[in-house]
Amino acid sequence: MKHRATCACGQLQVSVDGELTRASLCHCHQCQKRTGSAFGYQVRVARSEVTVSGRSTAYERKAEGVVTLHFCPVCGSTVYWTLDGLPDDVVIAAGAFAGVSTPPPPTFSVYEARMHPWVILPDSVTTHWE
C-alpha cells in the first residue's frame, strides 16, 4: 500500500510503499519545540520503502546520537528525520500524513518524565524510557 506525507505547502513529499505499523509518542523537550505541541507523534518505516521528492533543508542535532531533521525550505514543516543509530529507518511526522493517509495509533511512548501532567495515554501505549 502507498502512503504519502507532505509538508504544509506540498513541495516536500515522502511516499511510503508499505504499511504504516510502528507509531510512537515522544515527550522530549526537542519534540515539544519541533512540533509546537505537548509531544511528537511519528511513524518509523524502513528506509527501503521510502521515496522523497522535493527540496528539504536539513538540521542536525545531538541527542543519544545525531538526529537529522528534514524540513521544507518554503513553509518550514518538518516532514521526516533520520537517526544515526537506526540507519535503515526513516521517521515521518504523523501529522504530515493529514488528509492523505491515516497513521496507526501509537503503541509506545518515550521521555514520559517530561510529559505534560494533563496528558493521559491510552492503556495500549507502553513506556520505553522515562
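The chain is numbered in sequence order, starting from 1. None of the values given here were measured: they were computed from a predicted structure.
Leu20 and Ile92 fall within a single hydrophobic cluster, where Ile, Leu, Val, Met, Phe, Trp and Tyr are joined by side-chain heavy atoms under 4.5 Å apart, directly or via other members. Under the 4.5 Å side-chain heavy-atom criterion for ILVMFWY residues, no single connected hydrophobic cluster contains both Val90 and Val66. There is a path of hydrophobic side-chain contacts, each under 4.5 Å, that joins Val119 to Leu25. A single hydrophobic cluster is not seen to contain both Val110 and Val43; linkage of ILVMFWY side chains at heavy-atom distances under 4.5 Å, directly or through other members, places them apart.
Going from atom OG of Ser56 over to atom OH of Tyr80 covers 4.0 Å, rounded to the nearest 0.5 Å. How far NE2 of His3 is from OG1 of Thr102: 9.0 Å, rounded to the nearest 0.5 Å. In this structure, Glu49 CD and Asp88 CG are separated by 11.5 Å, a value rounded to the nearest 0.5 Å. A distance of 7.5 Å separates CD in Gln13 from SG in Cys7, rounded to the nearest 0.5 Å. For the atom pair Arg114 CZ and His29 NE2, the distance stands at 5.5 Å (nearest 0.5 Å). Between atom NE2 of residue His70 and atom CD of residue Glu60 there is a gap of 8.5 Å, rounded to the nearest 0.5 Å.
Looking at Ser101, its side chain never comes within 3.5 Å of a backbone N or O of Phe97 through a donor-acceptor pair. At distances below 3.5 Å, not a single donor-acceptor pair connects side-chain atoms of Gln32 with backbone N or O atoms of His116. Side-chain atoms of Ser109 never come within 3.5 Å of backbone atoms of Val125 as a donor-acceptor pair (strictly under, hydrogens ignored).
For Asp84 against Pro87, the heavy-atom pair with the smallest separation is O-CD, 3.7 Å. Of all heavy-atom pairs between Thr35 and Gly40, the closest is CG2-CA, 3.9 Å. Taking all atoms of both residues into account, the shortest heavy-atom contact from Glu19 to Met1 is OE2-CB, 3.3 Å. Minimum heavy-atom separation, Val16 to Val45: CG1-CG1, 4.1 Å. Of all the heavy atoms in Ala23 and Tyr41, the pair that sits closest is CB-CE1, 4.0 Å. Shown here for Phe39 and His27, the closest heavy-atom pair between the two residues is CB-ND1, 3.6 Å.
At least one side-chain heavy atom of Cys9 sits under 4.5 Å from a side-chain heavy atom of Cys72. Proximity of Val67 to Leu69: side-chain heavy atoms (C-beta onward) are separated by under 4.5 Å at one or more points. Side-chain atoms of Cys26 and Gln42, non-hydrogen and from C-beta on, do get closer than 4.5 Å to each other.
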Margin query: Applying side-chain contact (heavy atoms from CB on, under 4.5 Å) to Val52 and Leu12, what does each step give before you reach the verdict?
Written below: CA-CA 8 Å; Val52 176; Leu12 178 58; 3.9 Å; yes
For a side-chain contact (heavy atoms from CB on, under 4.5 Å) check, start with the C-alpha distance between Phe108 and Arg22, then their side-chain angles and the critical distance, and finish with the verdict.
CA-CA 9 Å; Phe108 69 96; Arg22 185 180 170 99; 3.4 Å; yes
request  = Quick one: do Glu112 and Leu121 satisfy side-chain contact (heavy atoms from CB on, under 4.5 Å)? Show the steps, please.
outcome  = CA-CA 10 Å; Glu112 288 183 2; Leu121 300 177; 3.1 Å; yes
Evaluate side-chain contact (heavy atoms from CB on, under 4.5 Å) for Thr68 paired with Trp81, printing each intermediate quantity in order. CA-CA 5 Å; Thr68 305; Trp81 55 98; 5.9 Å; no
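More than 12 heavy atoms of other shown residues, nucleotides or ligands fall within 6.0 angstrom of atom CZ in Arg47.
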